[in-house]
Every structure is written in C-alpha cells, then in structure tokens.
Chemist: 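Sharing a structure with you now.
Bear in mind that the values here come from a model prediction, so they are computed numbers and not experimental data.
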Amino acid sequence: MALLLTGCSVGPDYQRPAVTTPLQYKYAAGWREAQPQDALSKGEWWAVYQDATLAQLLTQVQISNQNVAQYEAKYRQALALAGGSRADLLPTVSGSASSTRSGSRATSTLSGVDQRTVSDSHSAQLSASWELDLWGKLRRTLEENQASAEASAAELANITLSAQSSLAQNYFQLRVMDQQIALYQQSVTAYERYLQVINNKYQAGAESRGTLAQAQTQLESARASQLDLVWQRAQLEHAIALLIGKTPAEFSLPAAPLAAKMPAIPQALPSQLLQRRPDIAYAERNVAAANAAIGVAIAGYFPDLTLSASGGFSSSTLHNLLSLPNRTWSLGPELSGTVLDFGATSAKVDQARASYDASVASYRQAVLEGFQEVENYLVELKTLDAEIAAQQRATDSAKESARVTANQYEAGMIDYLDVATTENTSLSQQQSLLSLQSTQWVASVELIAALGGGWHAPQQTH
C-alpha cells in the first residue's frame, strides 16, 4: 500500500520557460533582470501623485467596478475547482438506507383463487471508494487547477490595475481640460472686450467693417472651441463614473485646479518592477497549467485502480435489521483502462504538448511586450520634459507678443488684425502647452501600469 500511495507522476515536472531579456533599459540606467515578483505588495501606487480626489476615486474601483467584480467571481470559481481536485485525492464515503414493500397478484389455474404475495425489504449500507493515484493523474490535475487559479488571481489583478490606470488617465485628462476650458473662457472675455471697443469705434466711424467682422469671428471661434471641450469633458466624466460602477447621472466631478504632483522617475529603477506585472504572471501560470495538463493526458495510457468497500444490513423485517445475521459486505479492487482507442490518447497528449508550446510562446511574447511598453513610456516621458520646456518658452514669447501688440493697438500704432493674429497665436501656444502636459500625465500613469503598479521597491507580504 505504501508503494501504491507513493506512485510516480507521469509527465514533465514544471520548469519556468527561459526568456531573453536585456540587462538594462535603453532609457533608464540601473535595470537588472529579476525573478517574477507579482505576489509582492505594490501598495497604493497612486499615492505618488498626492491628489486626494484621485485617491478617493481609485479606491472605489476594487469595490464597485463591475468588470473587477466579474473577474473576482471567476477567481473564486477557479479556487473552488482547485479545492475539488484536492478532494479527489482522498477516499469518498457514502451511505444509503431504504425501506420498500412490494407485492404481486396471481390467479391459480386450478382453483381460480387470487393469490397475493407481499414482501418487505429494509437495508442500510455504508460504502467507500478510493482511486489510487498510481500515475499521478490526480496530482497533475490538482497542479493544473492550482496554476489556473493562480492565473485567475493574476488576471483579476491585471483587470484591476487596468481599470485603475484608465481612471487615472481620464482624471488627469479631465483636469487639464478644465484648465483648457478656463483658458478659452479668459480668451472669450478678452475678445468680448475687444469687440465692444471695436464696435464703439465702428459706430463712431473710426474703425472699418472688416475689423469688426474680424473681432466677431475671433470671439465666436473661441466660443466654439470652448464648447467642443465641454462635451469632451462630459464624456471623460462619464467614463470615470463607469469605472467606479455608477451611472453618469449618479456621478459628477466639479471643475477644479489640478492639485496632483508630477512624480519624478527614479534614476535607478528597482530590478523587480517589471516582474510584478500581473499579465506576465498570468501568462507564466498558464504555462504551468499547460505543463500539468501534459501529465494528465499521458496518464490516459495507464489503467486506473480503485479500491472499494461496502458494508451494511439487509432484512425483510425492520425491527431486527441491525442484527449480525443480516449483515452484508463487499471488498475489492477495480482496475480499468483503455485497451484500444485507435490513437485517441496519443492525440490528446499531442494536443496537450501543442497547447504547452503555445502558452510558452504567449508568455515570452508578454515579457517582450512588457519591455517594449516600459521603453516606450520612458522615452516618451524623457522627451516630453524637453518638449514641454521648449513649448513653455514658446508660450511665454507668444504671450509677451500679444501683450505688446495689445498696447500698441490701444495706442493707435497698429491695426487690430495684428492684435488678432498675436492673440490667436498666444491662445494656440497655451493650449498646446496644456495638451503636452496632459500627455505627460497620461504617460506617467501608463509607465506605472507597465511596471506592474508603481516604481517603488515592493514590500514582502506576510
């Protein structure tokens, strides 16, 4: 029995597939290859932005987001499946009890008298069966389901991080859009003042009809651009509502200044960060599950051995059912297996091996894409710093030019056309600066998500 219980497990033991990774990032010094660390606590990665409103919104994602709730339920389902596989390793005990009365009626051919027979039958039985895992099929099944449950946990973490990242990106875009709308409102107010001045001059015959039309065009164009941003902002607000599990009618985010602080990227990123990505963990756990499935398929070549035993009582009278003479019992092994399947088992093994190869390729692709995403966002943020600095200088120059031409117009030195041109240029440069800043906020969130949620060193969970 001891030899039977310590039977071998057919199929290959799992080894994490090797992946080719660079020793460091092209755009960030200090990166080193590391082992997967997806189980380590990442903390609240959004704390680096120091924005209370953003933090309050992001904490609602895990609670109210329906996509997260869906994957959380799938994770519980996977855990239950693994629990069922664990129970298959142990004996199954069942019991039954029955009490029946049966009768028959027959007419004698000689006497013509009906004869009735009534009989009672009572039984109580306890049975047990145990499939001995000689070839490791049950253990490989448990291994497969446990790996699938871990993959489901990583998938839940990935969908949660994705929802949080989307919310943070929408939030920053909305806050920058608040600034853009406010900037257009300032321009509308200024253009209204210009229009009033020019209209007064036109009424007095000191300004042309063309100049008045130019001022009117400039004003209405600014109003149209402002209204275009209003509906875009509303859609961002609706997207945030959906991410926290609310209808657009239930959620409102009033306009406010952007209070967040742009976090600085560390010069030396910790080596564990990319390995915390839940999508990479999900792909790697799927490889482990596929590897175990090979063993399950190979076990199909070998017979199953089941030990079964039963005991109980059977009697025609209920009052002496549990007496020694009425006892019944059975004990014996059952060996069952496929004698000839015309290659069906071999096909299942080939299918399992092909599925494993596909999952290995998917895992390696996930790692490569992870490095690509981090590199993309690193170079984007690095370039944006210089681009924003240049755009800031251009904006300052445009604002100064608009100020000078406004003074010259009021002094009667130039026509309003020059004012309109410099004002439009100044507004365009300011809006471009805000658009670049919006891109920078979004890229910083994308980099954090690409690094698995934060760029601070992880803390061990206990």
Chemist: So, Glu143 and Arg139, do they make that salt bridge, N to O below 4.0 Å?
Modeler: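 No salt bridge links Glu143 with Arg139.
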
Chemist: Just by distance, no angles: are the side chains of Tyr171 and Asp51 close enough, under 3.5 Å, to form a donor-acceptor pair?
Modeler: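 Yes, Asp51 and Tyr171 have a side-chain donor paired with an acceptor closer than 3.5 Å.
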
Chemist: Answer yes if the side chains of Thr92 and Ser129 hold a donor-acceptor pair under 3.5 Å, and no otherwise.
Modeler: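 No, because no side-chain N or O of Thr92 sits under 3.5 Å from a partner of the opposite role on Ser129.
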
Chemist: Could you check whether Glu369 and Gln365, counting side-chain N and O atoms only, form a donor-acceptor pair closer than 3.5 Å?
Modeler: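 Yes, side-chain donor-acceptor contact under 3.5 Å.
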
Chemist: CG of Asp304 to OG of Ser336: how many Å apart, nearest 0.5 Å?
Modeler: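 Asp304 CG to Ser336 OG: 5.0 Å, rounded to 0.5 Å.
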
Chemist: Just checking, any donor-acceptor pair under 3.5 angstrom between side chains of Ser438 and Ser435?
Modeler: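 The criterion, which ignores hydrogens and geometry beyond distance, is not satisfied for Ser435 and Ser438.
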
Chemist: For residues Glu380 and Asn376, is any side-chain donor paired with an opposing acceptor at under 3.5 Å?
Modeler: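 No, no side-chain donor-acceptor contact under 3.5 Å.
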
Chemist: Can you confirm whether Gln185 is buried at CD, in the sense that more than 12 heavy atoms of other residues, nucleotides or ligands lie under 6.0 Å from that atom?
Modeler: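 Enclosed: over 12 neighbouring heavy atoms sit under 6.0 Å from CD of Gln185.
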
Chemist: Between the side chains of Glu207 and Thr211, does any donor sit under 3.5 Å from an acceptor?
Modeler: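 Yes.
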
Chemist: Given the rule in the side chain to side chain contact (heavy atoms under 4.5 Å, CB included) test, do Trp46 and Thr59 qualify, once you have shown the distances and angles that lead to the verdict?
Modeler: CA-CA 10 Å; Trp46 52 87; Thr59 54; 4.1 Å; yes

Chemist: State whether the number of non-hydrogen atoms from other residues, nucleotides or ligands found under 6.0 Å of Glu410 atom CD is greater than 12.
Modeler: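 Yes, the 6.0 Å shell around CD holds more than 12 heavy atoms from other groups.
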
Chemist: Establish, from distance only, whether the side-chain atoms of Thr160 and Gln164 form a donor-acceptor pair under 3.5 Å.
Modeler: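 No.
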
Chemist: Testing the 3.5 Å rule here: is there a donor-acceptor pair between the side chains of Tyr49 and Ser444?
Modeler: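 Yes, Ser444 and Tyr49 have a side-chain donor paired with an acceptor closer than 3.5 Å.
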
Chemist: Looking at Arg277 and Glu284, is any side-chain nitrogen of the basic one under 4.0 Å from a carboxylate oxygen of the acidic one?
Modeler: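 A salt bridge is absent here (no side-chain N lies under 4.0 Å from a carboxylate O).
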
Chemist: Does the pair Arg175 and Asp178 meet the rule for a salt bridge (Lys or Arg N to Asp or Glu O under 4.0 Å), with working shown?
Modeler: CA-CA 5 Å; Arg175 283 291 179 239; Asp178 284 340; 3.0 Å; yes

Chemist: Using only atom types and a distance under 3.5 Å, with no angle test, would you say the side chain of Asn199 pairs donor to acceptor with the backbone of Leu195?
Modeler: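 It does not hold such a pair.
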
Chemist: Would you call Arg140-Glu144 a salt bridge at under 4.0 Å N-O?
Modeler: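 Result for this pair is no, no salt bridge flagged.
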
Chemist: Going by atom types only, do Ser85 and Asn145 share a side-chain donor-acceptor pair under 3.5 Å?
Modeler: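 Yes.
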
Chemist: When you compare the side chains of Thr247 and Glu250, does any donor N or O come within less than 3.5 Å of an acceptor on the partner?
Modeler: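 Yes, a side-chain donor-acceptor pair sits under 3.5 Å.
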
Chemist: With distance as the sole criterion, is a donor-acceptor pair present between the side chains of Gln214 and Tyr194 under 3.5 Å?
Modeler: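 Side chains of Gln214 and Tyr194: no pair found under 3.5 Å.
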
